[in-house]
Amino acid sequence: MTPATFRAAFPEFASTTDYPDVQINLWASVAGTMLSEDRWYDLLDTGTMLFTAHHLTIGAQDQKSAAAGGAPGKVSGPMTSKAVDKVSASYDSGAVTYEGAGFWNMTAYGVRFYQLAMMVGAGGIQL
């Protein structure tokens, strides 16, 4: 996977200012170390791209927090309710997350990655 193929597959990461090639290459390299080609086979590039997109999204959230004077790297779960004056909203985050996925539930890319990771290499069962 190259930054160009990653950006073609995920055009939301087209900005080289917000998502420099060095960051894409960093996370693709980490994915290359962690994802087994024997297990991922034809889905290795897809897994690498989702892994990379997840980490880039987490990084962008950290940058946004730092720019607003907050502490980058702060960990929080998905917001399930919010109230402003007399208006409130809540969401069922359990409907779109996986139990036990932890960190991967923090972005839509992570959820997709986790779903694939649970399926790849499963194959048939022989008794």
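Basis for what follows: all heavy atoms, side chains included, without hydrogens, waters or symmetry-related copies. For clarity, every value in this text was computed on a predicted model and none was experimentally measured.
- Side-chain contact check for Glu12 and Tyr19: no donor-acceptor pair (N or O, by modelled atom type) lies under 3.5 Å.
- You'll find the side chain of Asp18 stays beyond 4.5 Å of the side chain of Gln63, heavy atoms only.
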Listed pairs under 3.5 Å, donor-acceptor, residues 26-33 side chains, sequence neighbours left out:
unit_1 : atom_1 : unit_2 : atom_2 : d
Thr33  : OG1    : Ser29  : O      : 3.2

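- With values rounded to the nearest 0.5 angstrom, Leu44 atom CG is found 10.0 Å from Met49 atom CE.
- For the atom pair CE (Met119) and OH (Tyr114), the distance works out to 12.0 Å, reported to the nearest 0.5 Å.
- Not counting sequence neighbours, the partners of Asp21 by the salt bridge (Lys or Arg N to Asp or Glu O under 4.0 Å) test are Arg7.
- Clustering ILVMFWY residues whenever any of their side-chain heavy atoms sit less than 4.5 angstrom apart, transitively, puts Val22 in a cluster other than the one holding Phe13.
- Checked options Thr52, Thr57, Ile58, Leu50; the residue passing with His54 is Ile58 (criterion: side chain to side chain contact (heavy atoms under 4.5 Å, CB included)).
- Less than 6.0 angstrom separates the ring centroid of Phe6 from the ring centroid of Phe10.
- Leu43 and Tyr41 end up in different hydrophobic clusters when Ile, Leu, Val, Met, Phe, Trp and Tyr side chains are linked at under 4.5 Å.
- Put simply, CZ on Phe51 and CG on Leu35 are 6.5 Å apart, with the number rounded to the nearest 0.5 Å.
- Side-chain contact check for Gln115 versus Trp104: every heavy-atom pair is 4.5 Å or farther apart.
- Separating the CE atom in Met34 from the OG1 atom in Thr48 is a distance of 11.5 Å, to the nearest 0.5 Å.
- Separation of the His55 and Phe103 ring centroids falls under the 6.0 Å cut-off.
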